[in-house]
Amino acid sequence: QEDIDLFAEKIAIGRSAALTDDFMIIGRIESLILGVGMEDALARAHAYVAAGANGIMIHSRRSTPDEIFEFCDTFRATDPNTTIVVVPTQYSIVRESELIAHGVNIVIYANHLLRASFPAMRAAGESILRNGRAMEADEICLPVDQLLSMIPNTVS
């Protein structure tokens, strides 16, 4: 995690380079993961917003959302508008409705689909190796015609 002032300067430079208001800068904060505390996380959030960040991404490695809720509630007490982004990989027990109630605007499920794909790929690969062919793996695979139907037809 970079020095607060240096990162805020980078945000300001990025903001000044934006050609439209549609361009968003989200300041990522790792303070809670690094164990440097809530005060550091909040100081960074306010500094990044002051520098021009449109949003704050706050991370936690705890298995419960308590410190995320604390961050959001404290931040929202002074900033009701800045976008808050969370990635609940570790605290996956939390529901989106709970996050929204604490002022979260965007929830990113960063790696769940990728992580889910590996057991399926392993099972298909093991079946092919075990049977010396792919037929037995077909039952756990999406049929090719369904896969192809998901690709937009760009040929007229």
Side-chain angles (χ1 to χ4, degrees), residues 1-130 137 139-142 146-147 150-152:
Q1 181 160 255
E2 193 148 19
D3 173 79
I4 293 176
D5 294 330
L6 185 56
F7 198 71
E9 183 179 336
K10 289 179 179 183
I11 290 170
I13 291 168
R15 174 57 46 222
S16 69
L19 300 177
T20 71
D21 289 337
D22 294 329
F23 183 76
M24 290 185 73
I25 295 177
I26 307 295
R28 180 177 175 142
I29 299 173
E30 300 284 344
S31 304
L32 303 177
I33 286 183
L34 295 172
V36 294
M38 189 64 65
E39 287 184 28
D40 185 78
L42 291 164
R44 286 176 184 280
H46 293 296
Y48 297 171
V49 170
N54 304 94
I56 297 300
M57 180 185 288
I58 185 69
H59 287 284
S60 173
R61 66 174 145 178
R62 291 192 182 167
S63 60
T64 64
D66 300 341
E67 74 178 354
I68 291 297
F69 291 165
E70 179 185 348
F71 172 87
C72 292
D73 294 345
T74 306
F75 183 71
R76 282 286 178 243
T78 58
D79 187 328
N81 299 316
T82 298
T83 298
I84 297 177
V85 181
V86 298
V87 185
T89 303
Q90 295 299 326
Y91 51 100
S92 60
I93 63 167
V94 70
R95 296 192 182 279
E96 290 174 7
S97 59
E98 295 174 275
L99 294 166
I100 291 166
H102 289 275
V104 171
N105 306 96
I106 299 172
V107 179
I108 298 175
Y109 297 99
N111 57 26
H112 286 77
L113 297 179
L114 178 63
R115 288 173 31 219
S117 70
F118 281 101
M121 289 188 289
R122 181 185 303 128
E126 287 172 351
S127 175
I128 291 167
L129 289 172
R130 185 173 49 256
E139 67 185 37
I140 62 170
C141 295
L142 184 69
Q146 286 184 23
L147 178 65
M150 289 189 245
I151 302 170

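Below, each value reflects all heavy atoms present in this structure, side chains not excepted, and no hydrogens, waters or symmetry copies. Quick caveat, the model's predicted, so the values are computed rather than measured.
Across all their heavy atoms, A124 and I140 have their closest contact at N-CD1, 3.6 Å. When all heavy atoms of A47 and A8 are compared, the pair lying nearest together is O-CB, 4.1 Å. For the pair A53 and G27, the tightest heavy-atom approach, listed with the atom from each and the gap, is CB-N, 4.3 Å.
Residues I93 and S63 are not in side-chain contact: their nearest non-hydrogen atoms beyond the backbone lie 4.5 Å or more apart. Between I100 and R95 there is no side-chain heavy-atom pair separated by less than 4.5 Å. The side-chain heavy atoms of I56 and T83, taken from C-beta on, include no pair separated by under 4.5 Å. The closest side-chain heavy-atom distance from V104 to F69 is not below 4.5 Å. Considering only heavy atoms from C-beta on, I58 comes within 4.5 Å of I68 through its side chain. A heavy-atom distance below 4.5 Å is not found between the side chains of I108 and V86. I29 is not listed as a side-chain neighbour of M57, based on a closest heavy-atom distance of 4.5 Å or more. Side-chain contact between S92 and Y109 is absent, with no heavy-atom pair separated by less than 4.5 Å.
Centroid-to-centroid, the aromatic rings of F71 and H102 stay 6.0 Å apart or farther.
Residue pairs meeting the ring pair (Phe, Tyr, Trp, His ring centres under 6.0 Å) criterion with at least one partner in residues 15-34, sequence neighbours excluded, do not occur; the list is empty. Note on residues 7-27: pairs passing salt bridge (Lys or Arg N to Asp or Glu O under 4.0 Å), not counting sequence neighbours, are E2-K10.
Remark: side-chain polar atoms of T78 are paired, donor with acceptor, to backbone N or O of F75 under 3.5 angstrom.
A salt bridge is defined here as a Lys NZ or Arg NE, NH1 or NH2 lying under 4.0 Å from an Asp or Glu carboxylate O, and R62 with D66 fails to meet this definition.
Residue-environment remark: CG (L147) exceeds the threshold of 12 foreign heavy atoms within 6.0 Å. Q146 CD: more than 12 foreign heavy atoms inside a 6.0 Å radius.
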Practice problem: Could you walk me through whether S60 and Q90 pass side chain to side chain contact (heavy atoms under 4.5 Å, CB included), step by step? | Solution: CA-CA 7 Å; S60 173; Q90 295 299 326; over 6 Å; no
Exercise. List the steps and the verdict of side chain to side chain contact (heavy atoms under 4.5 Å, CB included) for R61 and T89.
Key: CA-CA 8 Å; R61 66 174 145 178; T89 303; over 6 Å; no
Exercise. Go through the steps for V87 and N111 under the test side chain to side chain contact (heavy atoms under 4.5 Å, CB included), then give the verdict.
Key: CA-CA 9 Å; V87 185; N111 57 26; over 6 Å; no
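Rounding to the nearest 0.5 Å gives a distance of 13.0 Å between CZ of R44 and CD of E39. To the nearest 0.5 Å, atom CD1 of residue I11 and atom CD1 of residue I26 are 9.5 Å apart. In this structure, CD in E67 is found 10.0 Å from OG in S31, a value given to the nearest 0.5 Å. Taking OH of Y91 as the reference point, atom NE2 of H59 lies at 8.0 Å (rounded to 0.5 Å). In this structure, OG in S127 is found 14.0 Å from CZ in R122, a value given to the nearest 0.5 Å. One finds the OH atom of Y48 at 11.5 Å from the CZ atom of R28 (value rounded to the nearest 0.5 Å).
A search for side-chain hydrogen bond (donor to acceptor under 3.5 Å, both in side chains) contacts involving R130 returns nothing, not counting sequence neighbours.
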